Amino acid sequence: MIAHSLDDYLSIVHHIRNYWDVPDHQELWFRAEDEKHSKTRLQPGLYRPRDDGSRKSINTLLELENDLYEEFRRCATQLSDVKLDDDEWDPYFLMQHHGVPTRLLDWSDGALIALHFAVSKKSAPFKSGSMIHVLHPSWLVRLLEKHPDQADAESRWKKYNKQHPYDTYEDEWDRLYLPMDEDDAEDRLLTTPETPLLWDSPHVSRRVAAQRSRFMIFGTDPLWLSKLAANKGSRLFPIEIPKDSIAEIKQDLRDAGITESVVYPDLDGLGRELRQVWEARR
């Protein structure tokens, strides 16, 4: 479906919720991507191919991610207001949110926040449109719970927990998705699962909270989600934002109060918002 205006977009979201028969209390998740990046659609930053289309092996990329993770944990404590010393997950989400490539794929449960991401960085003359992917996360959670890969991950973790009862908890099988060092990566029981994991992360910063962020942690298959989107009956649907409609939608979002300083509640966000005013008026 194509959204030429803010009204079109909200009508399509409403239609999708009704068509999928999603209860009012359940979220929809939204993700914006530039249409020019169609070859890497629905892939996390760590797995996106280089400009020549090549990609290093998954194991090599997982080693690289762990190196980035360890360096971020070492350096970020003195730069962040969030206490990171005793937590393994918060640094992972924060490094993604500050531009470090990871296996995390960002989503938002706010339809207008995603629309802002779809158009905010584009300047006239607009050379490409955007896509906003709409996901029914509860449907995907149920699908993943039935997948044999998740059963295998939980089984392996239980075995590992029995071997390390004082260092782990039996229900923490999701730790298999954390970056791991070389020694852990060689342990068959700690192998990163193939399928992704949906994660409703605590809001570890004002920016994460303002963007109503949700996360999907990829396993070892970079194309898992894009293949799922192509399946009949998939509850993962794209909305197209044509380049000719971007100017009108940007104005509609400003009128609705969805601006850079709202989505990025800091001085950088305010600065970008004022720069956009300058670009529009100069």
Side-chain angles (χ1 to χ4, degrees), residues 3 5-6 9-10 29-37 40 43-46 48 51 68-69 71-84 89-102 104-133 201-216 239 241-282:
S5 66
L6 179 58
Y9 175 69
L10 293 176
W29 285 10
F30 305 87
R31 174 174 172 80
E33 295 186 351
D34 196 306
E35 67 176 8
K36 68 183 179 181
H37 299 316
T40 60
Q43 295 181 41
L46 184 75
R48 289 172 196 160
D51 291 340
L68 298 174
Y69 174 70
E71 183 68 6
F72 187 87
R73 292 187 72 184
R74 185 179 71 84
C75 299
T77 300
Q78 61 181 328
L79 303 173
S80 174
D81 295 331
V82 180
K83 186 178 180 180
L84 303 175
W89 285 107
D90 285 355
Y92 193 43
F93 294 118
L94 277 176
M95 65 187 277
Q96 161 74 13
H97 217 67
H98 288 281
V100 183
T102 69
L104 291 168
L105 199 66
D106 296 280
W107 298 77
S108 173
D109 69 358
L112 295 184
I113 298 296
L115 186 60
H116 172 84
F117 286 135
V119 301
S120 62
K121 294 183 180 180
K122 293 182 176 296
S123 301
F126 306 111
K127 298 180 180 180
S128 63
S130 294
M131 302 292 293
I132 296 179
H133 302 278
S201 168
H203 290 159
V204 296
S205 72
R206 284 192 303 162
R207 180 182 293 187
V208 172
Q211 296 173 9
R212 303 181 63 89
S213 295
R214 300 291 185 265
F215 295 97
M216 182 181 296
I239 301 175
I241 310 296
K243 63 180 181 181
D244 295 338
S245 302
I246 290 175
E248 178 183 342
I249 290 175
K250 290 179 77 170
Q251 182 61 55
D252 287 344
L253 285 171
R254 282 195 293 271
D255 291 342
I258 307 299
T259 64
E260 283 288 297
S261 63
V262 171
V263 177
Y264 297 92
D266 51 32
L267 290 176
D268 288 340
L270 177 60
R272 284 194 297 271
E273 180 176 323
L274 296 178
R275 182 178 181 83
Q276 289 172 358
V277 173
W278 171 75
E279 288 178 345
R281 295 177 58 182
R282 67 182 179 140

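Keep in mind the model is a prediction, meaning the values are calculated, not measured.
Applying the side-chain contact (heavy atoms from CB on, under 4.5 Å) test to Thr40 and every residue at least two apart in sequence or in another chain returns His37, Gln43, Arg48, Pro49. Applying the salt bridge (Lys or Arg N to Asp or Glu O under 4.0 Å) rule to Glu71 yields the partners Arg74; only residues at least two apart in sequence or on another chain are considered. Residues passing the side chain to side chain donor-acceptor pair (under 3.5 Å) test with Thr102, sequence neighbours excluded: Gln96.
The OG atom of Ser123 sits 5.5 Å away from atom NZ of Lys250, with the distance rounded to the nearest 0.5 Å. Leu6 CG to Asp255 CG: the interatomic distance, rounded to the nearest 0.5 Å, is 9.5 Å. Of the inter-residue distances, the one linking Leu253 atom CG with Thr259 atom OG1 reads 9.5 Å to the nearest 0.5 angstrom. Atom OG in Ser128 sits 6.5 Å away from atom CD1 in Ile246 (nearest 0.5 Å). Between His116 atom NE2 and Ile132 atom CD1 the span is 11.5 Å, to the nearest 0.5 Å. In this structure, CZ in Arg254 is found 11.0 Å from OG in Ser120, a value given to the nearest 0.5 Å.
In terms of heavy atoms, Ala3 sits closest to Pro242 at O-CD, 3.2 Å. The shortest non-hydrogen separation linking Pro91 to Tyr69 is CB-CE1, 4.2 Å. Contact between Ser130 and Lys122 at its shortest, heavy atoms only, is OG-CE, 3.1 Å. Considering all non-hydrogen atoms of both residues, Phe126 and Lys243 come closest at O-CD, 3.5 Å.
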Run the side chain to side chain contact (heavy atoms under 4.5 Å, CB included) check on Leu104 and His97 step by step: do they pass? CA-CA 9 Å; Leu104 291 168; His97 217 67; over 6 Å; no

Any chance you could lay out the side chain to side chain contact (heavy atoms under 4.5 Å, CB included) test for Ile241 and Glu35, step after step, and finish with the verdict? CA-CA 9 Å; Ile241 310 296; Glu35 67 176 8; over 6 Å; no

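Between Pro44 and Met216 the shortest side-chain heavy-atom distance does not fall below 4.5 Å. Side-chain contact between Phe117 and Asp106 is absent, with no heavy atoms from C-beta onward closer than 4.5 Å. Counting heavy atoms from C-beta outward, Leu112 and Leu10 have side chains that approach closer than 4.5 Å. The closest side-chain heavy-atom distance from Ile239 to Phe30 is not below 4.5 Å.
Side-chain atoms of Arg31 do not come within 3.5 Å of backbone N or O of Ala114 as any donor-acceptor pair.
Using cut-offs of 30° and 60° for the angle between ring planes, the Trp89 and Phe93 rings count as parallel.
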